[in-house]
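Excluded from the calculations below are hydrogen atoms, water molecules and symmetry mates; all remaining heavy atoms, backbone and side chain alike, are included. Naming: A, B, ... by sequence-line order, numbering from 1 per chain.
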There are 2 protein chains.
Amino acid sequence: MTARTTSAKTLGARTLGEGARDIPEATVARLPVYLRALTSLAEAGTRTCSSEDLAAAAGVNSAKLRKDLSYLGSYGTRGVGYDVDYLRYQIAREIGVTQDWPVVIVGIGNLGHALANYSGFRSRGFRVVALLDADPERHDEVVAGVDVRPFDDLEQIVTDHGVAIGVIATPALAAQDVADRMVACGITSILNFAPSVLSVPEGVDVRKVDLSIELQILAYHEQRKAQTA
Amino acid sequence: MTARTTSAKTLGARTLGEGARDIPEATVARLPVYLRALTSLAEAGTRTCSSEDLAAAAGVNSAKLRKDLSYLGSYGTRGVGYDVDYLRYQIAREIGVTQDWPVVIVGIGNLGHALANYSGFRSRGFRVVALLDADPERHDEVVAGVDVRPFDDLEQIVTDHGVAIGVIATPALAAQDVADRMVACGITSILNFAPSVLSVPEGVDVRKVDLSIELQILAYHEQRKAQTA
DNA sequence: CTCGTTTTGTTCTCGCGTTCACAAACTCCT
DNA sequence: AGGAGTTTGTGAACGCGAGAACAAAACGAG
Ligand SMILES: NC(=O)c1ccc[n+]([C@@H]2O[C@H](COP(=O)([O-])OP(=O)(O)OC[C@H]3O[C@@H](n4cnc5c(N)ncnc54)[C@H](O)[C@@H]3O)[C@@H](O)[C@H]2O)c1
Ligand SMILES: NC(=O)c1ccc[n+]([C@@H]2O[C@H](COP(=O)([O-])OP(=O)(O)OC[C@H]3O[C@@H](n4cnc5c(N)ncnc54)[C@H](O)[C@@H]3O)[C@@H](O)[C@H]2O)c1
């Protein structure tokens, strides 16, 4: 995130004449939510929906939804609404999940096992091509049909499969090292579950998922409620 | 989040005369990061640090850090910096993690097991008092010293332990039901790992952690990089 | 005690994101 | 065909957060 925000600022007007609108970051973060809501609607047999319907399903304001979608283009019909399948495809294309992205997971402990077993990966545009761990005792275990391999195989696997996205589920102390190795191999997007601040070169995106932070934010508000009551 | 953002707007000026500053949401989200950075510094033996030092450890701008801390009060010394332990305590107190919060986890599958085994809970102000699952086959299994119990025990446990925070790690279809039951029992903060939009009454906070969304955001930027290259 | 140095706390400005509100565009009914 | 009813797409207003910049405060040297 750090590297991206700074570099995104420098882009400004695009040089490429076509298909290179720049979508606000806040909108990008909501597109996956819309995509999921549309999938739900499609599975329920809905062919068409209004911005009001979709906004309700996604849990956002309908004006915000319309503005978000307007960054992609004009895919709705006034007086009618949006074609569910068509809009779903357009969003998927914009996000880039019409084809599968190969992903590696490093650190196959408690969390790594859960991630490897997570079926939502496959169904939402991602494919786990390797599970890596530094501990030899973990090697050759098969998790969800993929076998755990030595961390040193990283470079080989990344180049073989053209991996651009890596997931870190190691202890916090190892996270920076793992990130450095990933970057050295050519990985340019990292999802970090370890509670540590990663520093990466410009051009590499890092997003973090931190359970404790989420809980502490809840605790803050909870304490607030208790005080005023 | 939805319920809170709307209600937070109505607060405005506090009626209580003391200790009831309202801290911006963006700042609240960063306080846990500062807390963690301070803990690292303390463990490294640092007694005092400047805003520059702490900002570097937390991965933020130093001006932003100072402004964030100023919402809590004046805990630094000009020309010197911040006392690490003192500031750490003040932030912990503001967040409300000087005492442990009891937490229940519902849905002890792949992810639920990992969460139950996560040591970061205990060390950061939270205590898992119960693991609940609807599947009888899971019952009486002991995970990290806590045994898995029927979901119907929820009310009993919540009232016995005064639980205010619940974690949902069930499949998406069950999430809304679980949330409803939690709210009915008196839980007012929910951390949701299931990929579904929860609707809860006002006054209940919901935060979601969604792996697929994070990956899809990375994919979007990744696709961008590939296009321009 | 005074001056220079360091670092905080705060003010000010700018940009982004959210929301309102409405004109444009489409459908359907008569 | 025309008018009434819907719903999109967007211009404009507004509020919040980020960051720069600086004055106030503490400290140490002389
Ligand atoms: N378990 C959870 O629910 C949970 C929740 C939130 C965050 N986290 C974080 O996720 C991370 C993993 O948690 P966990 O509970 O799975 O821990 P774990 O100890 O069970 O697993 C860590 C794994 O990483 C491997 N590893 C260590 N160093 C490595 C290296 N340099 N290269 C490759 N592999 C390495 C270990 O061999 C181990 O298998 C931790 O940082 C933790 O704080 C975990
Ligand atoms: N596994 C992952 O890494 C991962 C990552 C991100 C999100 N998620 C999400 O987290 C959730 C759990 O994932 P998982 O892989 O652990 O699934 P899982 O199927 O392994 O576990 C789900 C558990 O919930 C229990 N359950 C079902 N209905 C229930 C109910 N009404 N009340 C109480 N318990 C109930 C089931 O018995 C099961 O034990 C899913 O929504 C998944 O999409 C999982």
Go through B/Leu191 and B/Ile165 one step at a time and tell me if the side-chain contact (heavy atoms from CB on, under 4.5 Å) criterion holds.
-> CA-CA 8 Å; B/Leu191 181 55; B/Ile165 302 177; 5.6 Å; no
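- Residues B/Thr27 and B/Asp68 have side chains that bring a donor and an acceptor to within less than 3.5 angstrom of each other.
- Within a 6.0 Å sphere centred on CZ of A/Arg93, heavy atoms belonging to other residues, nucleotides or ligands number more than 12.
- B/Trp101 places no side-chain N or O within 3.5 Å of a backbone atom of A/Glu222 that could act as its donor or acceptor partner.
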Walk me through it: do B/Val97 and A/Gln216 pass the test side-chain contact (heavy atoms from CB on, under 4.5 Å)?
-> CA-CA 7 Å; B/Val97 291; A/Gln216 289 181 348; 4.1 Å; yes
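- Between the C1' atom of C/dG17 and the NZ atom of A/Lys64 lies a distance of 8 Å, rounded to the nearest Å.
- For B/Arg127, the CZ atom is densely surrounded, since the number of other residues' heavy atoms within 6.0 Å is greater than 12.
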Step by step, work out the salt bridge (Lys or Arg N to Asp or Glu O under 4.0 Å) result for A/Lys225 and B/Asp205.
-> CA-CA 11 Å; A/Lys225 294 177 202 165; B/Asp205 285 339; 3.8 Å; yes
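- Under the salt bridge (Lys or Arg N to Asp or Glu O under 4.0 Å) criterion, no residue pair touches residues 49-66 of chain A, with sequence neighbours excluded.
- Checked by atom type, the side-chain pair B/Ser196/B/Gln176 shows no donor-acceptor distance below 3.5 Å.
- For residues 72-86 of chain A, proximity to DNA chain C is found at A/Thr77, A/Arg78, A/Gly79, A/Val80, defined as any non-hydrogen atom under 4.0 angstrom from a strand atom.
- At its two ends the helix from C/dC1-D/dG30 to C/dT30-D/dA1 runs along axes set 0° apart, each axis drawn from five pairs and the angle rounded to 10°.
- A distance-only check finds a donor-acceptor pair linking the side chain of A/Thr39 to the backbone of A/Leu35 [under 3.5 Å].
- In this structure, A/Leu54 places its CG atom 14 Å from P of D/dT7, rounding to the nearest Å.
- Atom CG of B/Asp22 is separated from atom P of D/dG17 by 10 Å (rounded to the nearest Å).
- Using a 4.0 Å cutoff on non-hydrogen atoms, the parts of residues 42-53 of chain A near DNA chain D are A/Ser50, A/Ser51, ordered by number.
- Following rounding to the nearest Å, B/Lys67 (NZ) and C/dC12 (P) show an atom-to-atom distance of 11 Å.
- Near DNA chain C, defined here as any heavy-atom distance below 4.0 Å, the residues from residues 30-38 of chain A are A/Arg30, listed numerically.
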List the steps, then state whether side-chain contact (heavy atoms from CB on, under 4.5 Å) holds for B/Tyr71 with B/Glu94.
-> CA-CA 10 Å; B/Tyr71 291 113; B/Glu94 189 72 38; over 6 Å; no
Step by step, would you call B/Ile190 with B/Ile168 a side-chain contact (heavy atoms from CB on, under 4.5 Å)?
-> CA-CA 7 Å; B/Ile190 295 175; B/Ile168 299 179; 3.7 Å; yes
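- Under the 6.0 Å cut-off for aromatic ring centres, B/Tyr75 and B/Tyr82 do not qualify, their centroids lying 6.0 Å or more apart.
- Remark: B/Asn61 is in phosphate contact with D/dA20, judged by side-chain N or O atoms under 4.0 Å from OP1 or OP2.
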Show your working on salt bridge (Lys or Arg N to Asp or Glu O under 4.0 Å) between B/Arg122 and B/Asp100 and close with a plain yes or no.
-> CA-CA 8 Å; B/Arg122 189 68 58 100; B/Asp100 275 6; 5.3 Å; no
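- One atom, CD of B/Glu25, and another, P of D/dG17, lie 8 Å apart when rounded to the nearest Å.
- Salt-bridge formation is not detected for the pair B/Asp83/B/Arg88: no Lys NZ or Arg NE/NH1/NH2 atom is positioned less than 4.0 Å from an Asp or Glu carboxylate oxygen.
- Nearest to the side chain of B/Arg66, among D/dC22, D/dT10, D/dA18, sits D/dC22.
- No hydrogens or angles considered: nothing links the side chains of A/Asn110 and B/Tyr118 as a donor-acceptor pair under 3.5 Å.
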Using a cut-off of under 3.5 Å, enumerate the N/O to N/O pairs linking the protein to nucleotides 28-30 of chain C.
none

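- The distance between atom CD1 of A/Ile23 and atom P of C/dG17, rounded to the nearest whole Å, is 12 Å.
- B/Asp68 has its CG atom 7 Å from the P atom of D/dA18, to the nearest Å.
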